[in-house]
Each structure stands twice: as structure tokens, then as C-alpha cells.
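Because the structure is a prediction, the values reported are computed rather than measured. Count residues from 1 along the sequence.
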Amino acid sequence: MSLLVGIMLLSACSGGSDDNLMDMGSLTEGSWMGYNGEAVENEEMMTTDYIDYDPSNTYEINRSSYVSYFNGEDFIETIQYSGEPPMTLDTVEEADRIMVSFNQYNEDSINLKTAE
């Protein structure tokens, strides 16, 4: 019984990447979303599919990346984030979706989450 309680406590305490808003199973490899809203070929980069975005929330990312903001299918802008993690994403009021592009070497550690 105490083993079960211990496992439950460890599960509850481990932050893990369960809160990651990025679907790591649907990445596009070999390009990143550029500053003009077009895919730019680069074999070391990966890009997520669309991620729902709510400008009333605050989002944090823990690795250098490019975040592209969209309203539906319409591209708004791409912003590069780098620096001391976690980095808080800029609020783009008219956006309802984002895509995140990042270096493939960060695939196992990158995390996008809503800030608490």
C-alpha cells in the first residue's frame, strides 16, 4: 500500500512535459516558418502544426525558437525568442493560432506552456 502511495506522490510531483502545448508527434522536419510567413528550408529545424492560442493567456517557452502568429490561415508575424528561459511570448491580440519552429537538437527538451 505504501508503495502505491509513493508512486502516486511521485507522479503528482513530477512536472514532466505533460503540460507541453506542442504536439511532438506532428512536427514538420527540415524547415522553419520565416519572417514572411513562408517555410524556409533548413535541415536542422522543425516546426509544429498549428497550436491554439488565446491572447488573454500568458505563454512561456524554455528554448530558443521562432513563434509564428496567425489569425485563421492569415499570417501575422514571426518573432524570435532567445535568452534566459523561460521566455514569455509577446501578446498578439489578433492571433488565434501559432506555430513554433526550433532546432531539432531541442526536440526532447522544448516546452511551450501557459504560465501560472
Side-chain angles (χ1 to χ4, degrees):
M1 181 70 168
S2 61
L3 178 62
L4 180 60
V5 171
I7 291 172
M8 289 173 53
L9 279 173
L10 285 174
S11 296
C13 293
S14 67
S17 59
D18 295 337
D19 57 350
N20 195 348
L21 299 174
M22 295 187 286
D23 179 359
M24 303 310 274
S26 64
L27 297 171
T28 300
E29 298 181 22
S31 67
W32 64 284
M33 187 62 61
Y35 294 107
N36 295 321
E38 297 177 1
V40 177
E41 288 186 35
N42 183 323
E43 64 186 32
E44 293 186 353
M45 297 294 285
M46 308 180 97
T47 302
T48 65
D49 200 355
Y50 288 111
I51 301 166
D52 289 336
Y53 173 83
D54 181 348
S56 67
N57 290 335
T58 300
Y59 296 87
E60 293 179 341
I61 197 153
N62 68 338
R63 294 287 183 265
S64 295
S65 56
Y66 298 87
V67 178
S68 302
Y69 296 83
F70 295 84
N71 184 311
E73 298 290 322
D74 297 330
F75 173 76
I76 299 170
E77 66 180 323
T78 295
I79 300 175
Q80 180 182 12
Y81 294 94
S82 61
E84 190 68 31
M87 293 155 277
T88 301
L89 271 56
D90 293 356
T91 300
V92 178
E93 292 294 336
E94 60 272 21
D96 62 4
R97 304 194 297 177
I98 59 173
M99 289 178 144
V100 179
S101 301
F102 57 92
N103 190 292
Q104 66 184 358
Y105 301 112
N106 290 323
E107 180 180 4
D108 293 335
S109 57
I110 193 165
N111 188 303
L112 172 71
K113 65 180 185 175
T114 52
E116 297 182 18

For residues 30-40, dump all side-chain donor-acceptor pairs below 3.5 Å to protein atoms at least two apart in sequence or in another chain.
none

For residues 56-68, dump all side-chain donor-acceptor pairs below 3.5 Å to protein atoms at least two apart in sequence or in another chain.
residue: S56; atom: OG; partner: D54; partner atom: OD1; Å: 2.7
residue: S56; atom: OG; partner: D54; partner atom: OD2; Å: 3.1
residue: Y59; atom: OH; partner: D54; partner atom: N; Å: 2.9
residue: N62; atom: OD1; partner: N111; partner atom: N; Å: 2.6
residue: N62; atom: ND2; partner: S109; partner atom: O; Å: 2.9
residue: R63; atom: NE; partner: S109; partner atom: OG; Å: 3.1
residue: S65; atom: OG; partner: R63; partner atom: O; Å: 3.4
residue: S68; atom: OG; partner: T78; partner atom: OG1; Å: 2.7

### Message
Considering only residues two or more places apart or on different chains, which pairs with a residue in residues 91-100 satisfy side chain to side chain donor-acceptor pair (under 3.5 Å)?
### Response
E73-R97
### Message
For A95 versus Y53, what's the shortest heavy-atom pair and its separation?
### Response
O-CD2, 3.5 Å
### Query
Considering residues, nucleotides and ligands other than E43, do more than 12 of their heavy atoms fall under 6.0 Å from its CD?
no
### Single-linkage hydrophobic cluster V100~Y81, side-chain heavy atoms < 4.5 angstrom
yes
### Message
Quick check on the hydrophobic clustering: are I51 and M45 connected, directly or via other members, by side-chain heavy-atom contacts under 4.5 Å?
### Response
no
### Query
Going from CD1 on I98 to OH on Y50, what distance comes out if it is rounded to the nearest 0.5 angstrom?
12.0 Å
### Task
Look at atom CD of E29 and say whether more than 12 heavy atoms of other residues, nucleotides or ligands are closer to it than 6.0 Å.
no
### Same apolar cluster: F102 and L112, side chain cutoff 4.5 Å
yes
### Message
Using side-chain heavy atoms (C-beta onward) and a distance below 4.5 Å, is D49 in contact with D23?
### Response
no
#### Entry: Rounded distance (nearest 0.5 Å) linking atom CG of D52 with atom CG of L21
9.5 Å
### Query
Do M46 and M87 belong together in a cluster built from hydrophobic side chains that touch within less than 4.5 Å?
yes
### Query
In terms of hydrophobic clustering (I, L, V, M, F, W, Y; side-chain heavy atoms under 4.5 Å; direct or indirect links), are I79 and M22 co-clustered?
yes
